[in-house]
Structures are given as C-alpha cells and as structure tokens.
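Down below is the structure, laid out as structure tokens.
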Amino acid sequence: MPETTTGALIYQILELLPFLKELPEFLHIPMLMFVTGLIPVTVISLVGLVGVYMERKVSAFMQIRLGPMEYGPWGTLQTLADGIKLMGKEDIIPREADKPLFILAPIAAFVGVFLLFIAIPFDRDIIVVDLNVGIFYLAAVASIEVVGIIMAGWASNNKWSLLGAMREAAQVVAYEIPVGICLVTVVIVSGSFSMVDIVEEQKGLFLNWFIFRNPVMWVVFIAFIIASLAELKRAPFDLPEAESELVSGFHTEYSGMRFSIFFIAEYGAMFVASALIAILFLGGYYTGIPFLDNIDGILGILIRVGALFGKAFAFLFLQMWIRWTLPRIRLDQMFYLCYKVLVPFGFVAMIITAFWQMVLPGDGFMSLGWAPGLGK
Amino acid sequence: MESSAIFAALKTKFGEAAIDLNEDGPEAFAMVPSELIPDVCQHLRDAPEFDCDLFSCLTGVDLKGLKGETDDGFEVIYNIESTGKAHCVSLRTRVAREKPEIPSVSSIWETADWHERESFDLLGIVFTGHPNLVRILCADDWIGYPLRKDYEFPTEYHGIVCEFEGNEDGTWGGHPG
Amino acid sequence: MPLKKNNGGPPRQDLENENPDPLTKENVIITSVDKALNWTRQASVWPLTFGLACCAIEMMATLAAKYDFDRFGSGVPRATPRQADLMIVAGTVSHKMAPRVKRLFDQMADPKYVIAMGGCVIKGGPYAKYGYHVLQGVDRVIPVDVYVPGCPPRPEALLEGLFKVKELCYNEKLSDRDRSKARPKVFGGFEWPTKTKKEGQSA
Amino acid sequence: MSPSRDVKGSKTKMADTANMNTNVHEPPDVRTEELLLNMGPQHPSTHGVLKVVAKTDGELVLECEPVVGYLHRCFEKCAESGSYVQAVPYTDRLDYLMAMGNNLGYCLAVEALMKVEIPEYADYIRVLVTELNRIGSHLIAVGTFGLDTGAITPFFYAFRDREMVLDILEEICGQRLNYNYIRPGGVAYDLPEGILDKISTFIDHMEKSLEEINNLLTYNGIFIHRTANVGVMTPEVAIKYGVTGPNLRSTGVKRDLRKLRPYSIYDRFEFNICTGTGEYGTIGDCWNRHIVRTQEIIESIKILRQVLNAMPTEGEHLAKATARKFRPPKGAAYTAVENSKGELGFYIASDGTDEPWRVKCRAPSFHNVSVLPALANGTMLADLVIILGSLDIVLGEIDR
C-alpha cells in the first residue's frame with residue numbers, strides 16, 4: 001500500500017498507461033489531468049443516470065404506480081433517452097437575461113460537484129487525491145455549487161428564480177454550521193483530516209465504525225443526515241425549487257442541456273453526500289466484517305468499492321424515501337431547525353465526544369472490553 | 001323569524017308606501033326603491049332582531065322583452081340570510097335601462113363587492129359608491145354587457161375570429177377533421 | 001415501435017426542396033442518427049403542468065396511479081414551459097386566457113408539441129354557440145399537433161393522443177427540425193391586447 | 001433639504017436636488033423595493049387558472065389580490081339560451097369535481113319553480129350519487145392540498161380512491177366527470193344492477209383507506225407545522241366574505257344546509273356537522289379546514305350506509321311532469337344546496353316558456369377565494385400557497 005498522501009490513483013494510472021510516459025514531457029501534466037478528470041465525470045454521469053432512474057422507480061413504487069416501463073427492460077433506458085433528448089432541445093437564453101452569467105451558472109454548479117469527487121476514497125488506493133486536509137477541502141468546495149445556483153437565479157431575470165436563489169443562499173449558509181460541527185466531531189474521533197485515514201481508523205469489526213464510537217455519535221450522525229439534506233436542497237428542504245411555490249425555483253428559465261447539467265450536478269451531489277455519510281460514520285469502503293475486508297487483489301477491491309457504493313445507494317434511497325413522504329417545511333422553520341436544534345445538539349455532542357476521547361482514547365466501545373480480541 | 005314578520009317590520013320602519021310586498025310566487029320578496037337599498041340593508045344587518053350577516057347572492061336580471069313586463073330596465077335581487085337566526089330575506093329593486101345606477105352595498109357586506117362587480121361586468125349595472133367597479137370575469141377591454149338581452153356576440157377579438165362556425169348543414173358539433 | 005406514417009396530426013409543409021443545405025438532405029448517416037435521436041425524443045415527452053378546466057382533472061388522473069403517464073416516460077410534469085416538450089391544452093380557453101396560452105407556447109423550447117384535449121379546446125365544445133368569451137378552438141392561437149376529442153376525454157384517450165405525438169416525433173426528419181417553419185398556419189392572427197393600465201392592478 | 005448641505009454643491013446640482021422628491025435622511029444603499037409577483041394564471045398551485053397578484057417584501061406577502069375570470073365560460077348565457085333540461089350539462093361544468101351536486105342544486109331550483117313531486121326512489125338515488133361525488137371531491141381537495149405543502153404521495157393515494165368513486169359513477173351514468181345525470185323531476189336513468197353491492201364494498205374500503213391518508217398526511221408532524229395556525233379565519237371574517245361549506249364549518253360555525261334547511265330527503269339520515277376540532281393549531285386555520293374535509297368523508301360514508309339500508313329496491317326514477325317538455329309557471333326562486341365547497345345557490349327566473357329567462361349561480365368558491373387577501377396579507381409566500389390550497393377552490397365555478 002503506497003503512502004496515501006499525494007494521490008495514489010495518479011501513480012497507478014501512470015503504471016497502467018505506460019504510453020503516457022512516452023509523450024513529450026510538457027504533455028504529462030495535462031494528459032494526467034485529463035485522464036484523472038475523466039473518472040469523476042464518468043462517475044457523476046453514471047450516478048446521475050442511475051440516480052434519476054432510481055428516483056423515478058422509487059417514487060413510482062411508493063405511489064402505487066409502475067414508473068418507466070416501456071423503454072428498455074423495466075424502463076432502464078428511460079433516463080438515457082431523457083438525457084439525449086435534453087441535449088437536442090432548443091437552447092433558450094431569455095433576452096433580458098444576463099447572458100455570460102446565465103451560461104456560466106450550470107458550469108459553476110457542475111464544477112462544484114466535480115471537485116467534491118476528487119477527495120472521495122472508493123478504496124484505499126482508488127482516490128484521485130488523498131489530501132491531508134480532505135474534510136476541510138470538501139467543506140470548502142461544497143459551497144461552490146451554491147454560487148452557480150445564485151448566478152442562475154440572478155442571471156435568469158425571473159422573480160421566481162431570484163427568490164429560489166436567495167432561499168438557496170440562506171439555506172446553505174445556515175446549514176454550513178451544523179455540517180461543520182459534525183465534521184469537526186468526526187475529526188476529533190479520527191484524529192486526522194485525511195479521508196483515507198478516517199476510513200482506515202474504522203477498519204475492523206463494524207463496532208469500530210464511528211457511529212458506535214461513543215454514545216453521542218448517533219446524534220451527530222442524524223444531525224449530519226438532516227443537514228446534508230438541507231445542503232442538497234432535497235425534500236423536505238427543497239425550498240429553492242419548491243414546485244408548488246416557486247414554479248421551478250432557480251432553474252425556471254433553463255432549458256435543454258443547461259437544465260440537465262443542473263440535474264446531473266444535483267444527483268452527483270446527492271451521491272457525494274451519501275458516500276460521505278458512509279465514509280464518516282459507517283466505515284466507508286469497509287464492510288465491517290474483518291475477513292472480507294482483508295481480502296487482497298481485484299476481488300478485495302470489488303468488495304470494498306461495492307461496499308461503499310452499497311452504503312451510498314442505501315442513503316440515496318433514504319433521501320428518496322424522505323422526499324416522497326414528507327411535506328416541505330417553511331423558510332422560518334428551516335432556520336429554526338438549524339439554529340435552535342441542530343447547532344446546539346451538535347455542539348453538545350461535539351463537547352461530549354471531545355471529553356470521551358480524552359478519557360477513553362482508542363477504539364470506543366471496543367476499549368471497554370465488549371468484544372475483546374476483535375479489534376483491528 | 002318568518003319572512004312575513006320581517007317584511008312587516010320593514011314596512012313599519014321604512015313606511016308603507018316605500019316597500020311593496022309580493023308573497024305569492026315561489027319566493028316571497030320585498031320590492032324596495034333603489035335609493036332606499038343601502039338603508040334597508042344596513043338596517044337588516046344591524047338590527048338585532050334581523051341580524052342578517054350573510055349576503056348570499058346578488059342577481060341582476062334584464063327585463064327587456066320579458067313577457068307581461070312593461071318595464072325594460074333591470075331588476076336586482078338581493079338574497080340575504082342570518083346565520084344566527086336562520087332566516088332569509090329577499091329584496092328586489094328596479095332601475096331604468098337608460099341610467100342603471102344603484103347605490104352599492106359593498107360597504108355593508110364584503111361579499112357584495114365581487115357580486116356587484118360581476119353584475120356590472122355582465123349587465124352593465126352601475127353600483128355607485130363601489131370602491132373598485134371594474135370588470136371581473138370578462139377581459140378588461142371587453143366590449144358590451146353579455147347578459148343583456150340585446151347583446152350582440154362579438155365577431156372578432158384582438159384578431160381572433162369569434163363567429164360561431166357550425167357545420168355546413170347547420171348542425172352543431174362533430175369531429176374537427 | 002410506431003413506424004407507420006402519422007395521420008393524426010395536421011399536414012405539415014415539406015421543407016426538403018426549400019432547404020439548400022446538403023448536409024441535412026437525407027442520407028444513410030443522417031437517417032440513422034435521425035432514428036436514434038427520434039427514438040430518444042419520443043421516449044421522453046415531458047408535459048407542461050398546465051390545466052385549465054375539467055379536462056385538467058382528467059389529465060391529473062392520467063398522471064396518477066391508475067393510468068400512470070410515467071410508464072411511457074411522460075411522468076415528469078414540468079412546471080416551467082422551458083423544460084417541457086408537450087403542451088396539453090386541457091380545458092376551455094377563454095379570450096382572457098388566450099394570450100397566456102400563446103405566450104406559454106412561445107416560451108417552450110423546440111421541438112415542442114401541442115395536444116388539444118377536449119371539445120372546448122378543439123372547437124369551443126358546448127360553449128361554441130353562446131359562449132361569447134370562449135375561444136373557438138385553441139388552433140386559432142397556437143398550432144395544434146394532435147386533437148383528442150371528448151368532454152372530457154377519458155385518460156385512455158389522452159394516452160392515445162400521447163402515442164400520436166410519439167409517432168410524430170418518430171417520423172420527423174432532421175431536415176425539418178425547425179418546426180416553427182413546418183407548423184401548420186394558424187387561422188387567426190394574434191396580438192397582445194393593448195392595455196391602458198398594468199394588468200391585474202385594479203385602480 | 002437643509003441649506004447647510006447645499007453649500008458645497010454647485011448651482012446646477014442644487015437645482016437638481018431641489019427637484020428630486022427624495023428623503024435625504026435615508027441612506028441610499030439600504031432602500032429596499034417591493035416585489036410584485038404575478039402568481040398565475042399558469043402556476044402549479046393555483047388550482048386552475050387563478051391569478052394572484054402579490055406584493056411581497058422578500059418572502060413576506062404584504063398584499064395580495066386574486067384576479068379571476070380566466071375561465072369565464074358564459075354559463076349563465078348558455079343556460080338561458082336553451083331549455084331547462086339543456087342547461088343541466090352546463091351545470092356539470094361549474095364545479096367539475098362535484099358535478100352531481102351541481103345537477104342537484106339546479107334541478108331543485110327548477111323543481112321549486114315547477115312545484116313538482118319527486119319519486120321517492122329518485123330521491124334516494126340523488127342522495128346516493130351526490131354523497132359519492134362528495135367523497136370524490138373531498139379526496140381531490142385532500143390530495144391537492146398535500147401537493148401544495150410539497151407532499152406528493154398522498155395525492156396518488158387520494159386519486160386511487162377517487163378512481164373507485166368514478167368507476168361507480170361511470171357505471172351509473174356513463175361519464176367519469178360531467179355526469180348530466182340528475183334531471184328536473186328525478187334522475188336520467190335507473191341504477192344498473194349490482195351497483196349497490198359495489199358501493200357498499202367501496203365504502204368499506206374507503207374507511208380504511210382514509211386512515212392511511214390520515215397517517216400519511218393529516219397527522220404528519222411537518223404537515224401540522226406547515227398548516228396549523230396558518231391563515232386563521234374567524235367566524236366573523238368568514239361570514240363577512242360569504243364563506244360557506246367546510247371553510248366556514250372549520251371556524252366552528254355549525255352551518256350545513258343539509259341540516260339547516262333539509263332539501264331532498266336529507267332529513268331522514270343521521271349525520272354530524274363536522275366543525276374544526278382544534279386538535280392542532282387554532283380553530284379556523286388551514287389544518288382545521290383540512291380535517292373538516294376528511295371527517296366529512298366519514299359522514300358521507302355514514303349517509304351512504306343509511307341510504308343503502310333504507311333504499312327501495314325499485315320505483316319510478318323520473319317524475320311524469322318533467323319527462324317531456326315542460327314549462328314552469330312565471331316566477332323566480334333562489335334555492336341553495338350544500339355542495340362540497342359550500343352553499344351552491346341557483347336563482348332561476350322563469351317567463352312561463354320552456355326556456356329559463358335568467359339563471360344565476362351563486363358559486364361557493366367565488367366567495368371562498370375572495371377571502372384570500374384577508375387571510376394571506378402579512379403571511380409568508382409559502383403560506384399564501386397553503387392558504388389558497390386549504391380554501392379548496394374550483395375555477396370552473398368561480399368564473400362560470
């Protein structure tokens with residue numbers, strides 16, 4: 001295992017694609033950037049396709065319907081058709097819109113999500129860059145998407161869009177705080193900012209996962225799920241695009257390809273958040289069963305990547321379940337939940353965690369002797 | 001309170017000559033001169049024995065061409081109800097076609113506001129003292145008062161042909177083809 | 001896959017002879033691409049949530065559990081015209097509403113299709129003769145692709161209308177992509193009503 | 001403009017500022033503007049083609065005004081241009097969610113003019129179909145109110161049950177929405193065979209299904225937070241604006257025309273007048289308007305049970321006097337029935353011929369929507385949508 005501090009994946013790609021070394025030297029860095037960039041883009045697009053299909057099927061089954069059925073077996077080609085159709089639609093930029101901002105906005109939103117993927121470890125070695133400030137980086141970059149959305153709302157020159165964008169700004173700024181508290185708590189437990197280190201810390205039996213580390217990590221876990229829903233503007237926090245109130249919110253004036261970029265970015269962000277929940281609290285790419293995690297070779301990689309994807313999709317399903325069940329909350333209630341519920345509870349949990357770490361440094365419940373001998 | 005008792009009380013308050021009663025038809029009503037309408041309505045709402053707080057309906061009727069009717073003006077019918085005492089009152093008044101003006105009762109019941117706008121919109125009855133007497137159902141620039149019996153259907157509205165196209169054999173309906 | 005020639009929609013002008021661009025003339029590559037693109041387009045016809053009257057309730061019933069528009073890829077009703085492909089004009093169009101219908105149609109991105117749902121939208125329906133304020137057929141304001149008669153049409157009829165739209169999508173050629181030119185001519189002219197005061201703000 | 005501030009300014013500048021009619025004490029960069037929002041006629045939550053012009057300060061609605069008339073279909077002109085029976089299909093299209101109730105209201109008004117006796121069997125059929133239709137109408141109200149709050153799934157559950165109502169009504173009269181079934185003097189056709197069993201199966205199902213909808217929506221915590229204490233209507237405000245039906249009853253006023261002035265044969269059945277419970281929020285708020293509708297579904301089921309028990313197996317379904325062309329005597333009458341939205345009144349003036357001289361419809365939604373500014377001014381934009389949804393308006397009868 002290489003020391004995962006400077007991007008193991010890049011070195012692996014160099015090993016896999018020896019012709020890169022034969023290229024002129026000035027092309028090395030751009031080609032590397034291109035190849036490594038392709039991976040997040042592919043993952044985002046695939047996740048977008050699967051996510052939208054899943055959303056439609058999940059909603060259908062919750063609403064006693066069938067959902068897409070006609071195109072492809074069980075309608076599996078439906079989202080592909082939607083995507084290609086959207087590319088072929090007329091591209092409308094309203095005359096009164098702020099043209100440069102209008103064009104840049106979806107790109108900014110997409111870039112925000114793209115940058116998130118860089119720091120997500122799919123396996124010990126499958127990570128684009130394992131930054132030593134991984135969590136810090138994610139928290140910072142997650143806010144880029146909101147810039148795109150505010151740009152979209154402003155540039156559209158539409159009152160509904162503007163209201164949606166303002167709601168989004170207020171919402172994201174508010175929920176950065178509980179998200180930050182949750183991340184800090186995790187860092188207190190793991191003792192590292194690096195994403196790989198955080199997962200490695202949870203290796204072993206599933207009781208090693210951070211959610212079981214101390215009695216209050218549950219609170220942090222739930223607070224993080226709620227806050228991530230709000231950051232993702234998913235129901236019941238879908239105020240920026242509240243269909244019954246703001247028509248379509250910030251993307252009211254967007255059509256065709258630009259609209260689909262927003263859409264893909266949204267689903268990409270949903271996946272990142274789900275994966276992040278798995279990484280921070282539920283052992284990331286580890287299954288929690290030691291003999292499975294210790295398998296080497298391709299099979300081991302598949303198991304670990306599969307474990308992460310499985311956990312992430314479980315939370316994706318949770319997000320959809322919540323969306324299709326709950327009504328939307330109001331703006332003031334959203335702030336109430338953030339500042340008067342999540343922030344205080346998160347703070348208390350953080351302080352208790354800090355004391356717990358001081359008194360019982362080590363493996364949480366494991367160190368209490370509940371399951372002797374099963375540590376890592 | 002029976003409607004006959006209400007009408008008797010109204011007669012004593014506003015004078016025998018002013019109010020004409022008709023209790024033969026399917027609905028008993030009091031015919032009130034148009035200038036007295038706000039006073040009668042105010043009294044009906046405020047007097048504790050009447051307490052008519054719910055304004056049910058306001059109907060304008062064009063009398064032009066009605067059989068056995070010499071008047072060619074408009075009749076306006078007020079249906080008023082008391083939710084507390086569970087009795088109903090029906091008032092009618094008539095205005096001339098040339099000058100269809102009735103004092104508004106929208107300050108007495110909020111409901112009358114939209115009803116009077118509707119009667120103005122469809123029949124052209126002017127309710128004086130109404131705070132916002134503009135068209136409510138038809139488009140703002142609509143011409144004519146459609147529920148008048150002498151209303152002529154429009155042939156064109158903003159470049160759109162409005163004339164009724166039946167089928168060639170004079171029937172009405174069928175597939176657009 | 002519905003491959004037979006559509007005969008449900010109005011006749012569309014053939015632009016092949018007028019088109020000087022050799023690239024868009026039909027050839028093997030273009031027709032294959034056409035087929036693939038048309039397949040995606042007919043597979044995902046997103047309707048605009050735009051209900052006017054009784055027919056809108058039947059449109060909602062079609063979207064709901066028993067009939068389920070989503071089976072055919074149309075279960076994504078868009079609230080904004082920019083993202084919709086299909087405008088189902090469901091319900092009576094009055095003269096007051098006609099400019100808004102026209103504007104919504106104009107705001108939609110091409111390629112766009114229109115279903116006239118119900119008797120009122122097709123030709124005034126029961127209000128044709130005495131309904132002074134009812135537009136006698138929405139095709140006097142916007143071009144209509146498929147007519148679905150009924151008062152209101154059953155959800156099955158609306159689904160049939162959707163299949164007709166899918167046929168239209170499927171049979172389209174890249175050469176007449178600019179459907180704004182290929183649309184049937186609208187009978188009546190249309191201008192915005194001139195208004196003296198700002199609409200909706202009563203004095 | 002204080003002269004001390006003008007000393008440094010040039011002469012032209014002084015002239016300019018003197019012409020300007022602005023307040024100099026206000027810092028120029030914190031001035032905020034009011035936003036004029038046109039909600040509708042095409043908007044997902046205006047339940048049709050209503051337009052609401054809202055003056056907002058950010059998310060706060062300062063003033064709002066409903067603008068109606070986008071669906072003005074000239075019902076009154078059409079009704080007076082044909083015979084009495086020909087006007088029945090036009091009444092269907094007033095409140096198209098409760099067509100049977102409209103038919104009934106219109107026919108009762110015609111019958112009041114005619115003074116015709118209705119066969120008892122026809123009366124039972126009328127109550128049967130009207131109460132079935134009331135269940136369907138309230139289900140739509142419940143489902144779309146859920147949509148307004150952002151809960152999408154309850155809408156599908158409500159529509160599933162409504163489809164069952166529609167199947168029954170379709171079997172009775174051949175149409176799904178606009179039935180044209182109740183005629184002056186009775187009903188158009190006899191009941192089909194075996195329909196009573198289907199109805200009794202349906203109402204058994206409906207009782208269970210309503211619990212499901214209640215669990216999913218009515219007692220959902222977020223839903224209660226969104227709707228309780230929002231748009232509180234006092235009885236005084238409601239009566240002042242002519243609000244009737246479930247909206248008025250939610251404020252605690254026990255006014256149901258089926259009890260107050262029993263028409264048809266409603267005096268034979270036992271049922272409660274549902275009023276706002278105040279279980280959550282205050283009486284007269286959006287949540288209480290919602291709960292009144294769900295409870296009225298149960299009351300309708302109660303009435304249906306009694307109808308099914310007491311109903312004669314066969315009989316005349318249409319009075320002889322109105323089976324052919326008929327001419328009511330000259331006169332006019334106003335009759336009102338309790339429709340699912342409120343008091344639906346018809347004022348019909350007869351000139352003695354077979355065509356009505358004037359038909360005026362007192363539509364409940366016309367009044368219910370006029371109260372919107374009184375409830376929504378000063379609330380938030382999201383609440384405006386909720387209040388509008390809780391009033392359960394149908395544009396077909398507002399604009400007629």
Side-chain angles (χ1 to χ4, degrees), chain B residues 22 24-29 45 51-63 65-69 74-75 77-84 86-88 90 92 108-115 117-119 121-123 132 134-140 142 146-149 151 153, chain D residues 65-74 76-77 80 109 112-115 235-244 248 253-255 260-261 328-336 343 345-353 357-363 366-367 369-371 373-374 398-400:
Chain B
N22 184 330
D24 307 331
E27 186 179 72
F29 62 87
R45 193 195 70 174
D51 188 29
C52 290
D53 46 3
L54 182 68
F55 185 86
S56 290
C57 189
L58 183 149
T59 315
V61 180
D62 189 359
L63 298 174
L66 182 61
K67 242 190 290 175
E69 197 65 60
F74 300 100
E75 194 168 74
I77 298 101
Y78 298 79
N79 289 95
I80 307 156
E81 191 184 325
S82 162
T83 48
H87 57 231
C88 309
S90 175
R92 293 193 191 183
I108 303 171
W109 294 285
E110 297 284 341
T111 324
D113 185 325
W114 279 24
H115 269 291
R117 273 176 72 185
E118 190 195 317
S119 271
D121 186 357
L122 301 180
L123 279 153
N132 180 25
V134 291
R135 286 195 184 270
I136 182 167
L137 294 183
C138 292
D140 290 351
W142 197 256
L147 280 189
R148 287 191 178 184
K149 291 288 172 183
Y151 176 67
F153 283 82
Chain D
E65 194 202 349
V67 180
V68 300
Y70 291 97
L71 192 57
H72 180 43
R73 304 196 269 193
C74 332
E76 287 159 13
K77 191 80 177 174
E80 65 186 47
L113 286 175
M114 295 268 295
K115 297 197 175 64
E236 292 75 35
V237 167
I239 290 170
K240 199 165 81 174
Y241 281 90
V243 174
T244 47
L248 177 63
V253 179
K254 282 203 165 196
R255 181 177 187 277
L260 187 70
R261 289 194 288 274
K330 198 176 169 196
Y334 173 81
T335 334
E343 176 183 335
F346 279 97
Y347 178 90
I348 302 184
S350 160
D351 59 347
T353 64
W357 180 255
R358 171 86 167 97
V359 179
K360 156 92 187 188
C361 169
R362 183 250 190 234
F366 187 69
H367 301 74
V369 74
S370 71
V371 79
I398 293 176
D399 298 345
R400 276 156 286 156

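Note on naming: letters A, B, ... go to the chains in the order of the sequence lines (proteins, then strands), and numbering restarts at 1 for each one. On a predicted model such as this, the values are computed, not experimentally measured, just so you know.
- The candidate from B:Leu66, B:Val61, B:Asn79 with the greatest count of non-hydrogen atom pairs under 4.5 Å with chain D is B:Leu66.
- With contacts defined as side-chain heavy-atom distances shorter than 4.5 Å, the pair B:Ser90/D:Tyr334 does not qualify.
- When side chains are defined from C-beta on, B:Leu137 does not count as touching D:Glu76, because their heavy atoms never get closer than 4.5 Å.
- Interface remark: of the candidates B:Lys67, B:Glu118, B:Arg135, B:Arg45, B:Glu118 forms the most heavy-atom pairs closer than 4.5 Å to chain D.
- The NZ atom of D:Lys360 lies 5.5 Å from the OG atom of B:Ser119; values are rounded to the nearest 0.5 Å.
- Side-chain atoms of B:Leu147 and D:Lys77, non-hydrogen and from C-beta on, do get closer than 4.5 Å to each other.
- With a 4.5 angstrom heavy-atom cutoff, D:Ala332 touches chain B via backbone and side-chain atoms both.
- Using a 4.5 Å cut-off between heavy atoms, D:Tyr241 contacts chain B through both its backbone and its side chain.
- The minimum heavy-atom distance between B:Leu54 and D:Gly242, with the atom names listed, is CD1-CA, 3.6 Å.
- Scanning for ring-ring contact (aromatic ring centres under 6.0 Å, His included) contacts around B:Trp142 gives B:Tyr157, C:His95, C:His133, with sequence neighbours left out.
- Contact count versus chain B (heavy atoms, under 4.5 Å) is highest, among D:Leu248, D:Val68, D:Thr244, for D:Val68.
- Interatomic distance, B:Thr59 OG1 to D:Ile348 CD1, rounded to the nearest 0.5 Å: 11.0 Å.
- Of the listed residues (D:His72, D:Glu80, D:Arg400), the one with the most heavy-atom contacts under 4.5 Å to chain B is D:His72.
- Ring geometry for B:His115 against D:Phe366 counts as perpendicular: the plane angle is over 60°, on a 0 to 90° scale with 30° as the lower cut.
- Interface remark: B:Leu122 contributes side-chain atoms only to the contact with chain D (heavy atom separation under 4.5 Å).
- Ranked by heavy-atom pairs under 4.5 Å with chain D, the list B:Ala112, B:Cys138, B:Gly60 is led by B:Gly60.
- In this structure, the side chains of B:Ser56 and D:Arg362 come closer than 4.5 Å at one or more pairs of heavy atoms.
- At a 4.5 Å heavy-atom cutoff, the contact between B:Arg92 and chain D is made by side-chain atoms alone.
- The residues D:Arg358 and B:Glu75 are annotated as not salt-bridged, no charged nitrogen and carboxylate oxygen being separated by less than 4.0 angstrom.
- B:Asp62 touches chain D through its backbone: at least one of N, CA, C or O sits under 4.5 Å from a heavy atom, while the side chain does not.
- In this structure a side-chain-to-backbone donor-acceptor pair under 3.5 Å is missing from B:Trp109 to D:Ile239.
- Checked against ring-ring contact (aromatic ring centres under 6.0 Å, His included), B:Tyr151 has the following partners two or more places apart in sequence or in another chain: B:Phe153, C:Tyr132.
- In this structure, the portions of D:Pro66 lying under 4.5 Å from any heavy atom of chain B include both its backbone and its side chain.
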